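Taking it in order: structure first as structure tokens, then the write-up.
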Amino acid sequence: MRSTLRLLLAVVMSVLLMLAIRALAFTIYSVDGEGLQPVFLSGDRVMVNRWSYGLRTGIRTSEKSVGGLFSYGRLCRQPVRLGDIVAYENPTDSVRRRVLFGRVALLPGDTLCLNGRMIQLPSIANCADADYYWIEALGEKNPLDSRQLGYISERFIIGRAFMVVYSHQPEAPFWRGYRTERWMMKK
């Protein structure tokens with residue numbers, strides 16, 4: 001009886017620890033599409049560091065943060081760097097919260113020529129409510145990125161993608177199609 005209780009307690013603590021690490025430190029997302037080839041392939045499972053730019057606080061249900069114990073913010077805030085590959089939530093989809101990947105092409109305060117007009121990306125330094133970034137995919141077959149969505153608020157940036165944990169061809173059955181040469185590959 002006592003050994004069963006210890007085993008049950010160990011399993012519960014392990015699950016809670018795993019959930020805490022996944023929610024607070026690292027998360028694995030699946031790459032869907034060919035927008036970041038050759039860096040990431042469709043079917044790659046990519047580890048994202050949630051602390052790379054500071055841990056997000058508050059609950060985001062739209063462009064503004066609402067609900068929760070805290071308003072939007074970042075604990076131990078670090079700047080997003082030019083060229084970083086980031087995971088971010090689709091800002092136009094507050095229901096499914098689809099995660100997208102892209103490379104940071106412009107930083108807050110940078111100027112962009114769009115349709116013949118010069119636009120400066122908003123930043124907190126210029127009295128915006130958050131810093132904004134221009135995030136683009138790499139491939140020709142382009143998924144959603146700043147070219148369709150406009151500039152992306154830092155509220156939607158989850159963290160920096162830094163490693164392919166494992167890779168599986170999307171159309172292959174689960175027992176075949178593993179790309180072992182890509183496993184544990186750092187970016």
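None of these values were measured; they are calculated from a predicted model. What's counted below: heavy atoms across the whole structure, side chains too, no hydrogens, waters or symmetry copies.
- Put simply, CG on D110 and OH on Y133 are 10.0 Å apart, with the number rounded to the nearest 0.5 Å.
- For the pair R176 and E171, the salt-bridge criterion is not met [side-chain N within less than 4.0 Å of a carboxylate O].
- For E154 (side chain) and A130 (main-chain N/O), no donor-acceptor pair under 3.5 Å exists by modelled atom type.
- Going from atom CG of N49 over to atom CZ of F162 covers 5.5 Å, rounded to the nearest 0.5 Å.
- The minimum heavy-atom distance linking V46 with A161 is given by the pair CG1-CB, 3.6 Å.
- A137 and R147 get closest at one heavy-atom pair: O-NH2, 3.3 Å.
- Under the 4.5 Å side-chain contact rule for hydrophobic residues, Y178 and I28 share a cluster.
- In this structure the side chain of P91 reaches within 4.5 angstrom of the side chain of L149, judged on heavy atoms.
- Salt bridge D131/R77: present, at least one basic N to carboxylate O contact under 4.0 Å.
- Between R179 and D44, the closest heavy-atom pair is NH2-OD1, 3.8 Å.
- A distance of 4.0 Å separates CZ in R45 from OG in S30, rounded to the nearest 0.5 Å.
- In this structure, CG on D84 lies 9.0 Å from CG on L107, to the nearest 0.5 angstrom.
- Not a single donor-acceptor pair under 3.5 Å links the side chain of S146 to the backbone N or O of W134.
- Aromatic ring pairs are classed by plane angle as parallel below 30°, tilted from 30° to 60° and perpendicular above 60°; the pair F40 and F101 is tilted.
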- Item | Candidate pair R50 and T27, rule side chain to side chain donor-acceptor pair (under 3.5 Å), full reasoning | CA-CA 7 Å; R50 290 180 170 270; T27 304; 2.6 Å; yes
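- Separating the CD1 atom in I158 from the CG atom in L100 is a distance of 9.0 Å, to the nearest 0.5 Å.
- Shown here for P173 and H168, the closest heavy-atom pair between the two residues is O-NE2, 3.0 Å.
- By the neighbour-count criterion of 12 heavy atoms within 6.0 Å, atom OH of Y166 is sparsely surrounded, having that number or fewer from other residues, nucleotides or ligands.
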- Apply the test side chain to side chain contact (heavy atoms under 4.5 Å, CB included) to residues R160 and Q78: give CA-CA distance (whole Å), side-chain angles for both, the deciding distance (0.1 Å), then the verdict. CA-CA 11 Å; R160 186 176 62 83; Q78 296 292 316; over 6 Å; no
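- Within a 6.0 Å radius of OH in Y53, other residues, nucleotides and ligands contribute more than 12 heavy atoms.
- With R103 as reference, V39 is the one residue of V39, V86, L82, D145 to meet the side-chain contact (heavy atoms from CB on, under 4.5 Å) rule.
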- Message: One pair to check against side chain to side chain contact (heavy atoms under 4.5 Å, CB included): Y88 and V99. What are the steps and the verdict?
- Response: CA-CA 6 Å; Y88 62 100; V99 174; over 6 Å; no
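- Residue V48 comes nearest to A87 through the heavy atom pair CG2-CB, 3.8 Å, listed as atom of the first residue, atom of the second, then distance.
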- Taking it one step at a time, do M47 and V164 satisfy side chain to side chain contact (heavy atoms under 4.5 Å, CB included)? CA-CA 6 Å; M47 187 169 295; V164 175; over 6 Å; no
- Message: Between S123 and Y132, is the side chain to side chain contact (heavy atoms under 4.5 Å, CB included) condition met? List the steps.
- Response: CA-CA 6 Å; S123 68; Y132 289 83; over 6 Å; no
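- Rounded to the nearest 0.5 angstrom, T92 OG1 and R98 CZ are separated by 9.5 Å.
- Considering only heavy atoms from C-beta on, N126 comes within 4.5 Å of Q120 through its side chain.
- In M13, the CE atom is not crowded: 12 or fewer heavy atoms of neighbouring residues, nucleotides or ligands sit closer than 6.0 Å.
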